[in-house]
Amino acid sequence: MSEVPLDAFKKITDYLWEVPPTYRKDMRVPARVYATAEMLEDASRDSSFDQLVNLATLPGIQKYSIAMPDVHEGYGSPIGGVAATDIEQQGLISPGMIGYDINCGVRLLRSQFKFSEIKDKLADLGTAIFRDVPSGVGRGGHLKLDIAELDKVLRQGAMAMVERDYGTKDDLPHLESNGQLAQADPQFVSDLAKKRGSDQLGTMGAGNHFVEVQRVEKLIDSSVAEKLGLFEDQVVVMIHTGSRGLGHQVATDYIRNMLSAMPRYNIQLPDRELAGVPFETREGQQYFKAMASAANYAWANRQLITWEVRQAFINIFGVQTQLEIVYDVAHNIGKLEEHQVDGQKKKLLVHRKGATRSFGPGHPEIHEDYREVGQPVLIPGSMGTASYVLVGAKTAMQESFGSACHGAGRRMSRHAAKKQVRGQKLKAELEHRGIVIRSRSMSGLAEEAPLAYKDVDNVVDVVEAAGLAKKVVRTVPLAVIKG
Amino acid sequence: MKDYEILPHTADLKIRAFGRDQKELFAHALKGMSSVILPELEEPENTANQKTAHETTHDIDVVSSDMTTLLIDFLSQALSASHAYKSVFREVKFKKLSETELKATLKGQQVDHFDKNIKAVTYHKAQVEKEPTGFMATIIYDV
């Protein structure tokens, strides 16, 4: 239950609520939530808002701490949180505000097929993807790298996989940041993190990670859909995974470092997990370079999984199969970006934890293929429900530092979900609806049951109504492959 | 007094551990964590079979600022070793244990898979509390 009472919130619009900084004396800025009144009440049942108020105490934080409509409690920052700090004014970099699964994100691939062309082979396709994309916990992938090879991945990101022929140069332009953060420096990634990552490239992991074959059910904005290469009834593939054990270890290492470094900079925070130091310090820069390395690992991971999925399609449908990348977004990351604050252009470190970049039309960082329409924003729904492709809205920059939600957001604990749902029964129900399920863990499946998540349609409606992004297409699952 | 219990948390994992003294608290917290990583190891017939076949140990050394941070750092190192060496560590033997420092040997089994992917041990709301019956700590894990 939130300690921040509902009546502490001031209504800004039907979709935006604010707790003023007078609520608690250590708040530097207001705390804002994008939600309907009903969603706000729902979210007050866990400690999301206490965590959002804690975010508002970060040194150097600009404008507001922000929660997206899919917000739920995390362990430091709420999941669905955005906080931007001014790096030129001692603004903090906080590893906990980026998360353990650095660059957990989503990639969307488009095929040339309509659903009717593949439906007879859907079960075989599900099985092929399940076989070709290693998943599950404690299981390695096909590629095992030595330190020098891994360092190259940490520097180059998706490009390192392209150089190994797991894709082509045409794959890179439609990735956020071209699938590579230039600031990466592998010397700041520990040996233990590298050991954990050495055999995990091309693996999905488990939990809420997945590869999902989907169908474009509805074109909401058909002219933008056309620009993204999407058409009605098209078969697409969504991949959700991150930096695996390497990223988790980088975050673990640096949160610990920050805790011991913080007193040297006279920084006090209400939650140890938010530990951080000013961006322009030795420790801040070391973490930033390590985080960038882990982010690059995740882009390489999604690139290798893309290759694996392509192989599965080729095995089933033949060599004429084309799976092209629509886009790839990160939703746990820290990015250096320019934003207007009080009429001034400022260099900010935008922390997004369970939030997706959502740059609007005309932004120079968007590839020219999409610059006219805005950056694609990929929002996976919970298992068995819909997902969305949106594009960033111009108003998102002022509203939320160009950010939108990242998914449907959990509303029920894994423990409670398992009590209410049996994995086998859920599998049978989904299969009855024609959805192919391939999963290693029935209890894992139960934890990911749709009833444990908020309604993605409602979440995306708020994102659009609040001017953060605009809906383009709605997709529905055909085959769900999980670890 | 039970050794540990699993509590609800929206997206992650929350385990409360108990112990009559610091040593027991730390050992039970480790047991709680490993029971989630691979529950089948808790079953008596499995522990007997696994014991000699795949037994493994790992030494750890931790220095922290206080007992709570030490507990989290201890579990964190055990988790990292678990992932790095594909093992589950259910027991610990302490060679040195104070409020801010420990040297220990973890004991467990090498395994070919885990049931649950615990990504990290977090410091969030972690606080070792002294009760009349002993010690208690609630730890939140990212899964």
Side-chain angles (χ1 to χ4, degrees), chain A residues 45-48 51 72-77 79 96 99-101 104 136-140 190-193 195-196 198 200 205-209 242 244-245 247-249 251-253 255-256 259-260 263 271-275 354 409-416 440-441 443-444 447 452 483, chain B residues 5-15 36-40 58 60 62-66 68-88 100 109-127 138-143:
Chain A
R45 292 202 183 95
D46 65 22
S47 44
S48 303
Q51 295 175 354
H72 62 78
E73 67 181 350
Y75 35 82
S77 167
I79 308 301
Y100 289 95
D101 197 354
C104 187
V137 197
R139 290 188 166 87
S190 69
D191 289 343
L192 184 54
K195 180 170 169 52
R196 290 180 66 179
S198 63
Q200 290 193 326
N208 61 11
H209 294 165
R244 310 289 285 106
H248 310 162
Q249 192 62 48
T252 299
D253 293 340
I255 290 172
R256 188 158 191 262
L259 275 172
S260 54
D271 192 320
R272 283 195 195 93
E273 273 297 307
L274 293 176
R410 284 195 79 96
R411 51 177 288 274
M412 182 189 288
S413 77
R414 294 171 184 281
H415 193 62
R440 281 193 195 281
S441 164
S443 84
E447 287 178 4
Chain B
E5 60 186 355
I6 297 174
L7 303 172
H9 186 279
T10 310
D12 297 297
L13 174 68
K14 201 193 255 192
I15 302 181
V36 170
I37 293 173
L38 196 55
E40 68 198 52
H58 183 76
I60 61 171
V62 190
V63 177
S64 302
S65 54
D66 55 60
T68 301
T69 324
L70 186 70
L71 174 61
I72 301 304
D73 292 342
F74 160 68
L75 292 170
S76 212
Q77 280 207 28
L79 180 66
S80 296
S82 186
H83 280 290
Y85 302 106
K86 308 267 190 292
S87 305
V88 180
T100 55
Q109 287 86 41
Q110 282 194 302
V111 296
D112 61 6
H113 75 281
F114 302 134
D115 247 18
K116 173 67 89 200
N117 186 24
I118 297 183
K119 291 177 183 162
V121 192
T122 83
Y123 297 98
H124 182 57
K125 290 191 173 171
Q127 189 60 50
T138 306
I139 305 124
I140 295 175
Y141 298 83
D142 181 10
V143 297

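Only the side chain of A/R196 comes within less than 4.5 Å of a heavy atom in chain B; its backbone stays farther off. Contact annotation for A/S48: neither backbone nor side-chain heavy atoms come within less than 4.5 Å of a heavy atom of chain B. Interface residue B/K119: backbone and side-chain heavy atoms are both found under 4.5 Å from chain A. Interface remark: B/Q77 contributes no atoms to any contact with chain A (heavy atom separation under 4.5 Å). In this structure, chain A has no heavy atom under 4.5 Å from any part of B/K14. Using a 4.5 Å cut-off between heavy atoms, B/S87 does not touch chain A at all. Contact annotation for A/L259: only side-chain heavy atoms (C-beta onward) come within less than 4.5 Å of a heavy atom of chain B.
Distance check: A/T252 OG1 to B/D142 CG gives 9.0 Å after rounding to the nearest 0.5 Å.
The two residues A/Y100 and B/V121 have their closest heavy-atom pair at OH-O, 3.6 Å. A/E273 approaches B/Y123 most closely through the heavy-atom pair OE2-N, 2.5 Å. In this structure, B/A84 and A/K195 approach most closely via the heavy-atom pair O-CE, 3.5 Å. Looking at every heavy atom in both residues, A/R272 comes nearest to B/A126 through NH1-O, 3.2 Å.
Contact of the A/E447 side chain with the B/V143 side chain is not registered, since no non-hydrogen atoms from C-beta on lie closer than 4.5 Å. The shortest side-chain heavy-atom distance between A/H248 and B/S80 does not fall under the 4.5 Å cut-off. For the pair B/H124 and A/E73, the minimum side-chain heavy-atom distance is 4.5 Å or more. Taking 4.5 Å as the limit, every side-chain heavy atom of A/R244 sits out of range of all side-chain heavy atoms of B/H83.
Considering only heavy-atom pairs separated by less than 4.5 Å from chain A, the leading option among B/L7, B/N117, B/I37, B/T122 is B/T122.
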